[in-house]
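Below: the structure, in structure tokens.
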Amino acid sequence: MPHEFEIRHEIPLDAAPDVVWRAIAEGPGIDSWFMGRTELEPRVGGRGTQTFGEDVATESVVTAWEPGRRLAHRGVENPDGTFMAFEYLLEARGSGSTVLRFVHSGFLGDDWESEYDDLERGDLQYLYKLAVYLRHFPGRISAHNLFLTGPCASEERFWAALGAALGVAGRPVAGEKVTVAVEGRSPEPGVVEWVTAPGTFVAVRTDDGLYMFVQGRGMAVVEHHAYAPVDGEALEAAWTHWLATVSP
């Protein structure tokens, strides 16, 4: 039986509503902080797609389109009755800032409690990521997106590999200066934006990019948005090799 759910988050953003709107409602803007590649037709009834590589991961329909104020889209219902819907409500605040109210709802499957916990935690990480993008890279569009996954033997192995890649002893902490360095890539100075655990999320900002590293449920994930020209194939090869170091 499908189980109805609703997740709500609210976050302040250091950007005016029109800037936030471009980041949540236009494909290039969404691609500059969210995972994969997104296309969204700018109208009620418009079609949305999110892809990873050549495969369509999700499809949705725009259900509300009020530029600068409200965006909503609903995923296509699965045969078992499960689906997800997303709503973004923007409210202007002083000094050119915005409060974003985010609602994630729909129906989950039999393992809904575990799925709910993962979604509630994961949604917040991407809102943090949006906030960092708008604060440090406003108006810049990602020239290359990276989303890589691989099996991970343990949380301990993940932390050890990540610490080595960031040049830190032990677990990184928010605000810590690091150097992102993996085989096949030039070192990049950066700073740790946030760390969330359990269900590990680590975000690192460099001068021209934003990384997010994730570990949970036996998987490791590397995400990267490059805001300057980059050799995408070389970048992907380097981080694919790194993921192999955390594999069983």
Side-chain angles (χ1 to χ4, degrees), residues 5-46 48-50 58 60-75 84-106 119-143 145 147 174-175 190-196 201-212 214 223-228:
F5 79 98
E6 183 177 272
I7 296 167
R8 291 179 174 267
H9 290 299
E10 180 177 307
I11 187 169
L13 299 171
D14 295 333
D18 62 318
V19 178
V20 178
W21 180 262
R22 290 193 292 272
I24 66 170
E26 298 179 4
I30 301 169
D31 293 349
S32 297
W33 62 276
F34 201 54
M35 67 178 82
R37 181 172 182 272
T38 299
E39 295 181 350
L40 204 61
E41 292 181 334
R43 60 182 177 84
V44 173
T49 61
Q50 184 185 14
T58 60
S60 63
V61 176
V62 176
T63 56
W65 184 270
E66 300 175 35
R69 295 180 56 196
R70 180 175 178 240
L71 168 69
H73 50 97
R74 184 185 188 278
M84 295 188 186
F86 304 87
E87 182 180 35
Y88 300 83
L89 298 168
L90 309 182
E91 181 182 335
R93 291 291 174 89
S95 303
S97 65
T98 302
V99 169
L100 169 63
R101 295 181 177 87
F102 172 79
V103 183
H104 185 178
S105 61
L119 291 174
E120 184 175 39
R121 187 179 301 113
D123 284 347
L124 195 54
Q125 309 312 306
Y126 282 97
L127 293 178
Y128 291 160
K129 199 175 174 190
L130 171 63
V132 171
Y133 167 65
L134 291 170
R135 183 180 305 121
H136 296 283
F137 305 104
R140 298 180 69 178
I141 298 300
S142 179
N145 287 4
F147 184 88
V191 62
V192 178
E193 283 287 343
W194 79 85
V195 178
T196 300
F201 295 84
V202 179
V204 175
R205 172 177 52 87
T206 64
D207 287 344
D208 293 309
L210 182 58
Y211 287 91
M212 188 160 77
V214 186
E223 297 185 34
H224 180 257
H225 303 269
Y227 304 113

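Heavy-atom basis, side chains included; hydrogens, waters and symmetry copies ignored.
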message = Among residues at least two apart in sequence or on other chains, which ones pass ring-ring contact (aromatic ring centres under 6.0 Å, His included) with H225?
response =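 H225 satisfies ring-ring contact (aromatic ring centres under 6.0 Å, His included) with no other residue.
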
message = Could you work out, with ring-ring contact (aromatic ring centres under 6.0 Å, His included) as the rule, every residue matching F5, not counting sequence neighbours?
response =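 ring-ring contact (aromatic ring centres under 6.0 Å, His included) check on F5 returns H104.
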
Heavy-atom side-chain proximity of [X] to [Y] below 4.5 angstrom:
X: E120; Y: H9; result: yes
X: I11; Y: F102; result: no
X: L124; Y: T196; result: no

request  = Start with the C-alpha distance between L89 and E91, add both sets of side-chain angles, then the distance that settles side-chain contact (heavy atoms from CB on, under 4.5 Å), and finish with yes or no.
outcome  = CA-CA 7 Å; L89 298 168; E91 181 182 335; over 6 Å; no

Can you name the side-chain contact (heavy atoms from CB on, under 4.5 Å) partners of [X], sequence neighbours left out?
X: V132; result: R135, H136, E193, W194, R205, L210
X: A64; result: R70, A72
X: P67; result: W21, W65

With a cut-off of 3.5 Å and sequence neighbours excluded, list every side-chain donor-acceptor pair involving residues 29-46.
unit_1 : atom_1 : unit_2 : atom_2 : d
D31    : OD1    : T38    : N      : 2.8
S32    : OG     : P28    : O      : 2.8
S32    : OG     : S142   : N      : 2.9
W33    : NE1    : A23    : O      : 2.6
R37    : NH1    : E39    : OE2    : 2.7
R37    : NH2    : E39    : OE2    : 3.2
E41    : OE1    : R43    : NH2    : 3.2
E41    : OE1    : R47    : N      : 2.7

ask   = Hey, what do you get for NZ (K129) to CE (M212), rounding to the nearest 0.5 Å?
value =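 Between K129 NZ and M212 CE, I get 4.5 Å after rounding to 0.5 Å.
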
key: Residue pair V103, I7: steps toward the side-chain contact (heavy atoms from CB on, under 4.5 Å) verdict   = CA-CA 6 Å; V103 183; I7 296 167; over 6 Å; no

query = Heavy-atom count around R93 CZ within 6.0 Å, excluding the residue itself: above 12?
reply = yes

